[in-house]
Each structure stands twice: as C-alpha cells, then as structure tokens.
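Chain A is the first sequence line, chain B the second, and so forth, proteins listed ahead of strands; every chain is numbered from 1.
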Number of protein chains: 2
Amino acid sequence: MAGNTSVPGATVVSRGLALLFAFDDAHRRLTLSELARRADLPLPTAHRLVGELVAGGALVRRTGGEYVIARRLWQVGLLAPVETGLREVAAPFMNDLHATTRATVHLAVREGTEVLYLERLSGRASVPVVSTVGSRLPLHATGVGKVLLAHAPDEVVTQALARLTRITPYTITQPARLREQLDRVRRDGYATTVEEMTLGACSVAVAVPAGSHVVAALGVVVPSLKRDRARLVAGLQVAARGIGRSLA
Amino acid sequence: MAGNTSVPGATVVSRGLALLFAFDDAHRRLTLSELARRADLPLPTAHRLVGELVAGGALVRRTGGEYVIARRLWQVGLLAPVETGLREVAAPFMNDLHATTRATVHLAVREGTEVLYLERLSGRASVPVVSTVGSRLPLHATGVGKVLLAHAPDEVVTQALARLTRITPYTITQPARLREQLDRVRRDGYATTVEEMTLGACSVAVAVPAGSHVVAALGVVVPSLKRDRARLVAGLQVAARGIGRSLA
DNA sequence: GCCCATCCTTTCGCTCAGTGGAAGGACGTT
DNA sequence: AACGTCCTTCCACTGAGCGAAAGGATGGGC
C-alpha cells in the first residue's frame with residue numbers, strides 16, 4: 001500500500017538541480033528543511049539527494065547543519081562562458097575608472113527583467129552596496145538597470161513597468177515617472193539613482209555600446225551625487241566608449 | 001533478456017555531477033561523446049542525463065553540438081564561500097600592486113598538491129598567462145605554488161616532489177633542486193620562476209601571513225626578472241603584509 | 001517536570017524511472 | 001562502397017528511487 005507519489009516529469013537530475021538552484025544571493029546557507037521547502041521536495045527525499053550532492057562534492061555541510069555550495073562547484077561554474085569577451089575587454093577600463101574615482105564600479109548586462117552583475121570593483125567600504133558578481137537585481141531600482149531598460153525592447157519595458165517593487169522609500173514605483181526617466185536616460189546618455197536600491201547609496205551609469213547596440217552597462221556607486229556627478233559621467237563615458245571601441 | 005549492468009554505488013545524482021565535473025579549465029566545451037568518456041558513462045545514459053542537465057539549466061548546448069556550463073550554474077557557483085574574507089581584504093592591495101607594477105597579479109591558496117587561483121588582475125596582455133580564477137596548476141612550476149609549497153607540511157612536500165611534471169624545458173623536475181629552492185624561499189621570503197610554467201613568463205611571489213601561518217600566496221607575472229626583481233619583491237611584501245595585518 | 005514545536009534521520013515495501021545493449025541515421029574520410 | 005565517428009531512438013528488464021510513517025534529538029514555554 002505504500003509507494004511513491006512523485007510529481008510526474010520530475011527526474012532525479014531535475015530535483016538535484018532544484019536543490020542547487022535553491023541557493024541565491026540572499027540564501028547562501030540553507031538548512032535541510034529550507035532546502036526541501038525551496039526545492040519543493042519531501043524532506044526524506046531532500047535528505048537523500050542532499051546527501052548525494054555532498055558525497056559528490058557539490059555541497060558542503062557545515063558544522064551547525066547548514067549547507068553551502070562547495071568549492072568544486074565554484075570552480076566548475078567559473079568555466080561558464082559568461083560574456084567572457086566583454087569582461088576581459090572591460091577589465092582595464094574598469095580598473096582605471098576605479099583608480100580615478102575610488103568608487104564601486106559595476107559592469108552588468110540585462111537578463112530578462114533583471115540586471116545581472118558581471119564584474120565589480122569595490123570602493124571604500126563606507127557606501128553600502130548590495131550587488132555581488134553573479135547576483136541579479138530588478139532593473140528599475142539601479143543605475144545600470146535603468147540604462148539597460150532604456151535600451152531594451154518595448155516588450156521588456158512593458159513587462160518591467162508592470163512590477164515596480166518598492167525597495168526603499170525612494171524607489172520609483174510609478175510607471176509614468178520611470179518612463180519619463182528612461183527618455184531622459186536616452187537623451188542625456190546616463191542614468192542615476194538616489195537611494196532607490198539602498199539607503200545611503202547613489203549611482204550613475206552609462207551604456208556600453210557595441211556597434212549600434214547596447215550590450216552592457218557600466219556604473220559607479222557613490223555616497224552622494226551632489227558634488228561630482230559631472231565628473232563621474234565624464235569618466236564613465238570615456239570608459240564605456242573605450243570598451244565599445246575595443247569590442248569592435 | 002536486456003536490462004542494465006550499472007556500476008554499483010552510482011546514483012543518478014553522482015552521475016550528473018560526474019558530467020558537470022567533466023569540465024575543467026582545459027575542457028570548457030565538450031561534445032556528448034567526450035562527456036560520456038570523461039564521466040565514464042555509456043553513451044545513451046550520458047545522452048539522457050546531459051539532456052536533463054540542459055533542461056534543468058545547468059548546461060547549454062551550443063550550435064555545433066558542444067556543451068558548455070550554463071550561466072545559471074555560474075551564478076550558483078559564485079555563491080560558494082571560497083575564502084571570501086581573504087579575497088575581500090586582498091582586493092584593494094592587489095589593485096594597488098597592479099596599478100604600480102602593471103603586471104598580472106595573482107592571489108592563490110593551496111589545494112592538496114595544487115595551486116588554486118582565487119583572484120587575478122590581468123596585466124598588459126603581452127605576457128602569456130595560463131592561470132584563470134578557479135583553475136588549478138601544479139605547485140612546483142608557479143611562483144605562488146613554490147611559496148605555498150615552501151610553507152606546506154612535510155607530507156605535502158613529499159607528495160608534490162614525487163611527481164614533478166615537466167611543462168616547459170625550464171620546469172624544475174629534480175626533487176633535490178626544488179628542495180633547495182624551497183629552502184631559499186623560506187630564507188629570502190620570496191619565490192621566483194623563470195619560464196617554468198609558460199615560455200615567455202616569469203613570476204615572483206610571496207607568502208600572505210595570518211598570525212604565524214601562511215594562508216595564501218600573492219604573486220606577479222612579468223616578461224622578465226632581469227630589471228626589477230627587487231622592486232617587485234618589495235611591492236609584493238608590502239601588499240602581503242598589509243593583507244596579513246587586515247586579516248588579524 | 002511535561003508538553004509541543006521544529007528540526008534531522010532511518011526504515012521499508014512498492015513501482016516506475018533509470019538503464020544500456022542493440023539498431024539506425026547522419027556525416028566525413030579513405 | 002566500405003569504414004570511421006558522431007548522435008539519436010527504442011525497449012524490456014529491474015533495482016534505484018520514492019516518501020509516508022515512525023523514531024530521535026534538541027530547544028523553548030509554562
């Protein structure tokens with residue numbers, strides 16, 4: 001009378017991956033029951049699969065019973081061809097920008113309706129920065145996100161405008177106001193945010209062109225825009241144009 | 001009369017992972033049959049599992065039939081806690097070093113009898129550099145490797161000396177000669193290589209201390225050591241000491 | 001002390017997902 | 001036309017995977 005009632009179409013592989021993909025930037029350590037919940041698996045099943053993932057070197061169990069992604073998976077993940085050319089070309093320009101501004105410098109691309117951070121150079125730690133390389137954030141609340149959205153197909157813009165999540169009191173949640181800002185971004189050639197993602201952090205970003213297309217966005221995070229917005233914009237544009245030229 | 005003859009102790013999960021771990025720095029793109037060979041699986045089995053890995057977003061099939069690690073796995077891999085504290089602390093010091101030397105700068109730790117590269121800042125591209133972040137190389141043929149070996153337990157040294165693979169004509173393959181060099185590394189406080197890993201590339205490296213232990217190595221790669229060995233050693237030692245102090 | 005919650009672990013019999021030999025197809029080389 | 005290598009599909013057998021249920025372990029509230 002016993003037996004299984006497993007969801008049809010769910011292979012062991014897909015379940016194993018569901019467990020791995022249960023981790024994200026906000027959940028780098030998960031307990032067994034959290035994993036089971038997030039991967040939508042019965043606890044005993046999760047228990048066995050997680051055990052196998054640990055045995056296979058994909059996860060590590062820490063003292064305390066929390067699981068984290070193993071070093072081995074880090075090594076394998078780094079083999080993925082994620083905008084390799086772009087990142088290589090951008091690196092020296094980002095270094096220069098970082099050296100002259102001392103700000104946090106970001107390189108990001110659009111992935112659906114989110115920004116995907118490809119590269120980051122941390123500035124003096126006084127400014128809080130939430131983004132991490134590999135992490136994704138909504139397009140409407142970040143400088144690089146606004147730039148990417150301003151150059152995205154209409155379809156994407158519509159989709160993004162439909163769900164303007166409030167993150168701080170300053171996050172723009174009115175579609176009309178964001179539309180207006182996107183127009184301004186296209187006209188002025190740069191985007192800004194003022195504490196829309198993180199309190200105490202402002203940002204400036206510009207588009208990285210390749211031919212006539214925009215392939216990425218380059219941005220900096222600073223404590224305030226009052227003083228040197230113009231200088232930052234100029235620096236960013238020099239770097240972005242440099243990257244664009246090197247890509248051609 | 002048909003049936004299976006699957007290897008005992010091999011779960012689906014372990015096989016899936018074997019397929020993922022079939023990728024390495026020298027094999028970032030693999031065909032189905034290469035995958036099957038490297039993971040030691042029958043072709044039809046590999047075919048099905050790889051299909052599931054693709055469906056699950058862990059692999060991507062490129063036009064031409066080659067598989068590569070998917071972007072999604074890159075994102076998950078980056079969540080692994082791989083010497084996070086060390087890398088964060090080291091970043092600004094590495095930036096400074098990179099700015100003053102214009103050389104390729106490396107941060108690495110020992111993993112068994114290999115060097116694991118944690119961080120890299122590329123210099124002017126004229127010098128060939130094989131290491132990548134996340135990649136591993138033998139300890140005896142790299143600057144950072146020699147430093148790490150010089151401060152490794154005897155057991156590890158013995159193991160490493162037992163297999164001194166020749167990589168270039170200048171690779172040190174005589175145990176006695178390497179032992180002598182390791183003594184010198186401990187005495188002088190730095191290691192060098194001269195085209196022992198890559199023709200046309202030399203390196204200098206120093207230990208990163210944390211308290212009385214060595215936790216990592218910091219190195220630079222340059223086209224030649226003739227001119228500015230002393231300057232490089234000085235720069236490296238300042239940076240390494242800075243990192244060590246910040247870690248305490 | 002006792003209860004209840006939440007976590008993790010193990011057991012166990014059913015059954016279907018996983019298995020891989022065999023066969024077939026696509027392409028290129030000799 | 002005969003061989004090589006690659007990829008794909010088929011299919012009958014079966015043991016690997018399944019998860020409800022039960023059993024521990026721990027911690028907090030009263």
Undergrad: What is the distance, to the nearest angstrom, from the CZ atom on B:Arg15 to the P atom on C:dG18?
TA: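 Going from CZ in B:Arg15 over to P in C:dG18 covers 12 Å.
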Undergrad: Charged N to carboxylate O under 4.0 angstrom, A:Glu196 versus A:Lys146?
TA: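 Yes, A:Glu196 and A:Lys146 are salt-bridged.
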Undergrad: Can you tell me the distance, in whole Å, between the CG atom of B:Leu49 and the C1' atom of D:dA16?
TA: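 Computing the B:Leu49:CG to D:dA16:C1' distance gives 13 Å.
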Undergrad: Is the NZ or CZ atom of B:Arg62 positioned over B:Tyr67's six-membered ring, under 6.0 angstrom from the centre and within 45° of the axis?
TA: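 Checked: cation-pi criterion not met.
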Undergrad: Nearest whole Å is fine: how far is D:dG17 P from A:Leu41 CG?
TA: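 One finds 14 Å between P of D:dG17 and CG of A:Leu41, rounded.
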Undergrad: Please state whether the phosphate of C:dG20, meaning OP1 or OP2, lies under 4.0 angstrom from any side-chain nitrogen or oxygen of B:Thr45.
TA: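 True: B:Thr45 side-chain N/O within range (under 4.0 Å) of C:dG20 OP1/OP2.
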Undergrad: Would you please say whether a donor-acceptor pair under 3.5 Å links the side chains of A:Ser122 and A:Thr104?
TA: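 A:Ser122 vs A:Thr104: no donor-acceptor pair found between side chains.
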Undergrad: Name the closest nucleotide to the B:Tyr67 side chain, picking from C:dG20, D:dT8, C:dC7.
TA: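 Of the candidates, D:dT8 comes closest.
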Undergrad: Does A:Ser33 reach a base, just sugar-phosphate, or nothing at all? Heavy atoms under 4.0 Å.
TA: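 A:Ser33: backbone/sugar contact only, no base atoms under 4.0 Å.
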Undergrad: Tell me which of B:Arg37 and B:Pro44 sits closer to the 5' end of DNA chain D, going by the nucleotide each one is nearest to.
TA: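 So the residue in question is B:Arg37.
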Undergrad: Rounding to an integer number of Å, can you tell me how far B:Glu66 CD sits from D:dT5 P?
TA: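 Nearest whole value for this atom pair: 18 Å.
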Undergrad: Give the minimum heavy-atom separation between A:Thr193 and A:Gly143, together with the two atoms involved.
TA: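 Looking at all heavy atoms of both residues, the shortest contact is CG2-N, 3.3 Å.
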Undergrad: Which nucleotide in the set C:dT19, C:dT9, C:dG21 lies at the smallest distance from any side-chain heavy atom of B:Val12?
TA: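 The answer is C:dT19.
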Undergrad: In whole Å, what is the span from the CZ atom of B:Arg29 to the C1' atom of D:dC6?
TA: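 Going from CZ in B:Arg29 over to C1' in D:dC6 covers 17 Å.
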Undergrad: Is atom OH of B:Tyr170 surrounded by more than 12 heavy atoms (other residues, nucleotides or ligands) closer than 6.0 Å?
TA: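 No, the 6.0 Å shell around OH holds no more than 12 heavy atoms from other groups.
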Undergrad: Can you check the B:Leu35 CG to D:dC6 P distance for me, whole Å?
TA: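 So the two atoms are 12 Å apart, to the nearest Å.
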Undergrad: Over how many whole Å does the gap from A:Leu43 atom CG to D:dG24 atom C1' extend?
TA: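 One finds 14 Å between C1' of D:dG24 and CG of A:Leu43, rounded.
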Undergrad: In whole Å, I'd like the distance from the NE2 atom of A:His47 to the P atom of D:dG19.
TA: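 A:His47 atom NE2 is separated from D:dG19 atom P by 15 Å.
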Undergrad: Looking only at side-chain N and O atoms, does A:Arg48 come under 4.0 Å of OP1 or OP2 in D:dG17?
TA: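 Looking at the OP1 and OP2 atoms of D:dG17, neither is under 4.0 Å from any side-chain N or O of A:Arg48.
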Undergrad: Which part of the nucleic acid does A:Pro42 contact within heavy-atom distance under 4.0 Å: base, sugar-phosphate only, or nothing?
TA: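 Result for A:Pro42 = sugar-phosphate.
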